[in-house]
Amino acid sequence: MVSAPELGIIDDRRAPTTTLAGWRQFVQDDPVTLDLLPEPDWAELDATGRGEYDEARIKYHSELIVVETSTVRDVIRQGRLLSLLNQREVCARRGLIVSGAAATGKSTAIKQLGRAHELLVRNRYPAADRIPVVYVTAPPKGSPKKLATQFAHFLGMPPFKSRANEMDIATTVCEVLTEARTDLVIVDEIHNVNLATSAGEDLSDHLKYFTEHLPATFVFAGINVESGGLFTGIRGQQIAARCVMTRTGKFPYRDEWRSMVATMEQALRLHRHEPGFLTRQAKYLHQRTGGLISSLSHIIRAAAIYAIVEGGEQITRDLLDLIVVDHATESAAPKPPRPRETQT
């Protein structure tokens, strides 16, 4: 049986970002950095030292880096601008909606916006006990009480009594967040709110209550929200009139895609990897992933970890062919055929 160190099992899990503790850890944790050992030092490691070194590299590659794509830059730019515009507003504050297909980097972009904003606030008010950013997800088949409870859960508030209704919870949450000087609220999975249903209407009304009682900029993200019922009816028209829309999507095979591949490749920490190999495979990687940034990150990180666990220490075309990405991508973008070898 393979031992835990050989499998690279690391008990270093993080709290979810839908809790204040988890969000703060996400904000304050800098990307993991790691330098390769010089070849002589690597060769002299004993079994214990090699296991610890490999585990550190597995942890490093499990996170790797967040590539600052044009999507991330656009969301941060739009979010920061709206935050500045809303500073003196007392009603009808402008919000941001990030919409796109699944796995196109919506959650990554809005979290990077939240992190950038919170770091700016902390830098300006280092001694203040603030909660600059709140990150929650819209509950599936949710009710107003469930939504209010999501905010309370983020704050770590004690459970409310069973007789407490959604307005009791919402009022308390708004008081706490106003006192904590919260000025950016991020609501992910907003596609769970379908205004074509009575439950969706109730949830939308409750969300509107938060937007009107919190002096904050609201950022929403969801899957194809334009066609998901969010803009349905009078409520939907009001949301559309108050929000700026930015869209995420697949990346075409252009310079930015090649640059993303090169950036991820430069971050690898493998002892036998051939520099520039992944960059030369950029078109293959685009075909394998369909231009999805999440699938690209998965296939490169998984290949790097596989190379460490199996001892090959390099990513090859054969290894990339072994890595299975998500089912949707595999179905839409099957592995391209290998080029024929030149006959001599």
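This one's a predicted model, so the numbers in the text were calculated from it and none came from an experiment.
Following chains of ILVMFWY side-chain contacts shorter than 4.5 Å, one can reach I315 starting from L34, so the two form part of one hydrophobic cluster. V136 and F26 fall within the same hydrophobic cluster, defined by Ile, Leu, Val, Met, Phe, Trp and Tyr side-chain heavy atoms under 4.5 Å apart, directly or through other members. Note on V219: it clusters hydrophobically with M245, by side-chain heavy-atom contacts below 4.5 Å among ILVMFWY residues. Residues L292 and V261 are members of separate hydrophobic clusters, defined by side-chain heavy-atom contacts under 4.5 angstrom among Ile, Leu, Val, Met, Phe, Trp and Tyr. Linking Ile, Leu, Val, Met, Phe, Trp and Tyr residues whenever their side-chain heavy atoms come within less than 4.5 Å leaves F220 and I223 in two separate clusters.
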Worked check of side chain to side chain contact (heavy atoms under 4.5 Å, CB included) between T182 and L214 | CA-CA 8 Å; T182 299; L214 280 177; 5.6 Å; no
Can S259 and T263 be said to form a side chain to side chain contact (heavy atoms under 4.5 Å, CB included), step by step?
-> CA-CA 6 Å; S259 176; T263 299; 4.2 Å; yes
Given the rule in the salt bridge (charged side-chain N to carboxylate O under 4.0 Å, His left out) test, do D205 and K208 qualify, once you have shown the distances and angles that lead to the verdict?
-> CA-CA 5 Å; D205 288 341; K208 185 172 179 289; over 6 Å; no
Does the side chain to side chain contact (heavy atoms under 4.5 Å, CB included) test come out yes or no for M157 and F151, once each step is laid out?
-> CA-CA 9 Å; M157 299 173 69; F151 283 92; over 6 Å; no
Can you list the steps and then say if E166 with S143 is a side chain to side chain donor-acceptor pair (under 3.5 Å)?
-> CA-CA 9 Å; E166 59 268 20; S143 64; over 6 Å; no
For K145 and I169, run side chain to side chain contact (heavy atoms under 4.5 Å, CB included): C-alpha distance rounded to whole Å, both residues' side-chain angles, the deciding distance at 0.1 Å, then the answer.
-> CA-CA 8 Å; K145 189 170 185 177; I169 303 174; 4.0 Å; yes
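Judged purely by distance below 3.5 Å, without hydrogens or angles, the side chains of Q150 and T137 pair a donor atom with an acceptor atom. Judged by distance alone, the side chains of T104 and T248 do bring a donor and an acceptor atom under 3.5 Å apart. Side-chain contact of S295 with D326: a donor-acceptor pair under 3.5 Å is present, judged by distance alone.
Within the model, atoms CG of L270 and CD of E313 stand 6.0 Å from one another, a figure rounded to the nearest 0.5 Å. Atom CZ of R93 and atom CG of L85 lie 12.5 Å apart (nearest 0.5 Å). Atom-to-atom distance recorded for E265:CD and Q281:CD is 9.5 Å, nearest 0.5 angstrom. Between Y60 atom OH and I308 atom CD1 the span is 10.0 Å, to the nearest 0.5 Å. Taking OG1 of T17 as the reference point, atom CZ of R24 lies at 14.0 Å (rounded to 0.5 Å). Remark: I239 CD1 to T211 OG1 distance equals 8.5 Å, nearest 0.5 Å.
A heavy-atom distance below 4.5 Å is not found between the side chains of P139 and N192. A 4.5 Å side-chain heavy-atom check between V193 and L147 finds every atom pair outside the cut-off. Contact of the L177 side chain with the L155 side chain is registered, since non-hydrogen atoms from C-beta on lie closer than 4.5 Å. The closest side-chain heavy-atom distance from H117 to D183 is below 4.5 Å. Contact annotation: the side chain of I305 approaches that of S62 to within less than 4.5 Å [non-hydrogen atoms, C-beta and beyond]. No side-chain heavy atom of T149 sits under 4.5 Å from any side-chain heavy atom of F160. Two residues are said to be in side-chain contact when any heavy atoms from C-beta on lie closer than 4.5 Å; V187 and F210 fail this criterion. M264 has its side chain out of reach of L278: every pair of non-hydrogen atoms, C-beta onward, lies at least 4.5 Å apart.
At distances below 3.5 Å, not a single donor-acceptor pair connects side-chain atoms of T108 with backbone N or O atoms of G105. A donor-acceptor pair is defined here as one N or O able to donate and one able to accept, closer than 3.5 Å; no such pair exists between the side chain of R247 and the backbone of S99. Side-chain N or O atoms of R115 include none that pairs as donor or acceptor with a backbone N or O of W23 at under 3.5 Å. Side chain of Q87 to main chain of L84: a donor-acceptor pair is present (N/O by atom type, distance under 3.5 Å, no hydrogens or angles). Under a 3.5 Å cut-off, the side chain of D168 and the backbone N or O of N165 do form a donor-acceptor pair. Side-chain atoms of R130 do not come within 3.5 Å of backbone N or O of R122 as any donor-acceptor pair. Between the side chain of R80 and the backbone N or O of A116, no donor-acceptor pair lies under 3.5 Å. Although no hydrogens or angles enter the test, the distance criterion places a donor-acceptor pair under 3.5 Å between the side chain of R301 and the main chain of S297. Side-chain atoms of R94 come within 3.5 Å of backbone N or O of A241 as a donor-acceptor pair. Between the side chain of K106 and the backbone N or O of D188 there is no donor-acceptor pair closer than 3.5 Å.
Remark: A15 pairs with T19 by the side chain to side chain contact (heavy atoms under 4.5 Å, CB included) rule, at least two apart or across chains. Contacts of E189 classified as salt bridge (charged side-chain N to carboxylate O under 4.0 Å, His left out), with partners at least two apart in sequence or in another chain: none. Residues forming a side-chain hydrogen bond (donor to acceptor under 3.5 Å, both in side chains) with H298 (at least two apart in sequence, or on another chain): none.
The other residues sharing a hydrophobic cluster with Y125 are V121, where clustering joins ILVMFWY side chains under 4.5 Å apart. Cluster partners of M167 are Y209, counting Ile, Leu, Val, Met, Phe, Trp and Tyr whose side-chain heavy atoms approach within less than 4.5 Å, directly or via other members.
Ring geometry, W257 versus H286: the interplanar angle exceeds 60°, so the pair is classed perpendicular (tilted spans 30 to 60°).
Salt bridge annotation for R317-D321: present, with a cationic side-chain nitrogen under 4.0 angstrom from a carboxylate oxygen.
The two residues R57 and R269 have their closest heavy-atom pair at NH1-O, 3.1 Å.
Heavy atoms from other residues, nucleotides or ligands lying under 6.0 Å from CD of E179 number 12 at most. The neighbour count for D129 CG, taken as heavy atoms of other residues, nucleotides or ligands under 6.0 Å away, does not exceed 12. By the 6.0 Å contact criterion, CD1 on I234 is open, its count of non-hydrogen atoms from other residues, nucleotides or ligands being 12 or less. For R258, the CZ atom is densely surrounded, since the number of other residues' heavy atoms within 6.0 Å is greater than 12.
Taking the ring centroids of Y53 and H271, they lie under the 6.0 Å cut-off.
Residue pairs satisfying the salt bridge (Lys or Arg N to Asp or Glu O under 4.0 Å) criterion with at least one member in residues 271-280, sequence neighbours excluded, are listed as follows: E39-R272, E274-R280.
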